[in-house]
Amino acid sequence: QVELVESGGGLVLTGGSLRLSCVVSGRTIANTAMAWFRQAPGKEREFVGAIRWNVGITYYPDSVKGRSTISRDNLKNTLYLQMNSLKPDDTAVYYCAARNTARLLTDESGYDYWGQGTQVTVSS
């Protein structure tokens with residue numbers, strides 16, 4: 001079993017930055033893929049990016065490419081999402097997710113474990 005706990009959300013002005021964290025506990029995650037998703041009110045959950053934990057390979061959708069960076073700290077078992085040049089459209093609850101294999105996926109149904117989410121609000 002894997003437990004994921006996100007933090008770092010909050011209120012930020014347009015153009016600002018935030019770094020979200022996701023602490024992973026419960027089992028080794030060396031051979032897994034992890035991802036960030038977000039869900040705005042009234043919208044479907046959206047893929048924000050993913051990382052293959054053991055080699056650090058990342059993948060981002062066009063909606064956030066160039067503005068977001070996913071990284072991980074092996075010693076702290078923590079996943080990060082750095083977001084820059086934030087826009088009101090980035091307002092959402094952000095979730096981290098993990099799967100039992102290392103293949104990167106953009107589909108939320110492929111992820112086995114989820115955090116509780118952290119709210120990000122971008123004000124204009």
Side-chain angles (χ1 to χ4, degrees):
Q1 188 68 18
V2 174
E3 182 179 4
L4 308 175
V5 179
E6 303 99 331
S7 63
L11 176 64
V12 63
L13 295 176
T14 297
S17 299
L18 275 179
R19 188 178 78 159
L20 306 182
S21 301
C22 174
V23 177
V24 186
S25 61
R27 54 159 276 192
T28 179
I29 52 174
N31 295 316
T32 63
M34 294 194 65
W36 288 95
F37 289 81
R38 66 186 181 186
Q39 188 166 22
K43 295 186 177 181
E44 294 185 351
R45 195 170 293 184
E46 177 189 13
F47 173 74
V48 178
I51 186 168
R52 185 174 293 179
W53 189 276
N54 57 349
V55 294
I57 295 173
T58 55
Y59 176 78
Y60 306 94
D62 289 342
S63 59
V64 302
K65 191 176 294 183
R67 301 191 296 123
S68 297
T69 303
I70 295 176
S71 61
R72 81 276 190 253
D73 185 323
N74 287 314
L75 294 180
K76 295 182 178 179
N77 263 14
T78 301
L79 179 73
Y80 301 101
L81 174 64
Q82 175 71 41
M83 298 185 296
N84 303 318
S85 302
L86 285 163
K87 304 178 287 189
D89 284 349
D90 295 316
T91 295
V93 177
Y94 283 71
Y95 300 90
C96 69
R99 62 192 311 257
N100 288 318
T101 63
R103 182 183 176 190
L104 299 182
L105 288 181
T106 63
D107 187 345
E108 63 176 296
S109 66
Y111 289 83
D112 305 291
Y113 310 100
W114 291 83
Q116 82 290 349
T118 185
Q119 175 71 46
V120 172
T121 302
V122 183
S123 172
S124 57

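Since this is a predicted model, take the numbers as computed values, not measurements.
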Compare all side-chain heavy atoms of P88 with those of V122 and state whether any distance is below 4.5 angstrom. yes
Correct closest heavy-atom pair for S123 and L11 would be CB-CD1, 3.9 Å
Please list, chain by chain and in numerical order, all residues satisfying side chain to side chain contact (heavy atoms under 4.5 Å, CB included) with V2, sequence neighbours excluded. L4, V24, R27, Y113
Contacts of Q39 meeting side chain to side chain donor-acceptor pair (under 3.5 Å) (sequence neighbours excluded), chain-then-number -> none
Hits for side chain to side chain donor-acceptor pair (under 3.5 Å) against S109, two or more places apart or cross-chain, chain-then-number order -> D107
Could you tell me which residues satisfy salt bridge (charged side-chain N to carboxylate O under 4.0 Å, His left out) with K65, sequence neighbours excluded, listed by chain and number? D62
Can you sort out the partners of S85 under side chain to side chain donor-acceptor pair (under 3.5 Å), two or more places apart, ordered by chain and number? none
So the salt bridge (Lys or Arg N to Asp or Glu O under 4.0 Å) pairs with at least one residue in residues 79-88 (sequence neighbours excluded) are none
Are side-chain heavy atoms of N77 and S25 found at a separation under 4.5 Å? no
Other ILVMFWY residues reachable from F37 by side-chain steps of under 4.5 Å: F47, V55, I57, Y59, V93, Y95, L104, L105, Y111, W114
Taking side chain to side chain contact (heavy atoms under 4.5 Å, CB included) as the definition, give me every residue that meets it alongside V5, ordered by chain and number, with sequence neighbours left out. E3, Q116
Just to verify, what does E46 make a salt bridge (charged side-chain N to carboxylate O under 4.0 Å, His left out) with, not counting sequence neighbours? R38
Show every salt bridge (Lys or Arg N to Asp or Glu O under 4.0 Å) that has at least one partner inside residues 66-81, sequence neighbours left out. R67-D90
Residue that, paired with Y60, satisfies side-chain contact (heavy atoms from CB on, under 4.5 Å) out of V48, I70, T106: I70
Starting from L13, walk the hydrophobic network (Ile, Leu, Val, Met, Phe, Trp, Tyr; side-chain heavy atoms closer than 4.5 Å) and list everyone else you reach, by chain and number. none
Those residues that, when tested against Y80, pass side chain to side chain donor-acceptor pair (under 3.5 Å) (two or more places apart): none
Side chain proximity check, M83 to V64, heavy atoms < 4.5 angstrom: no
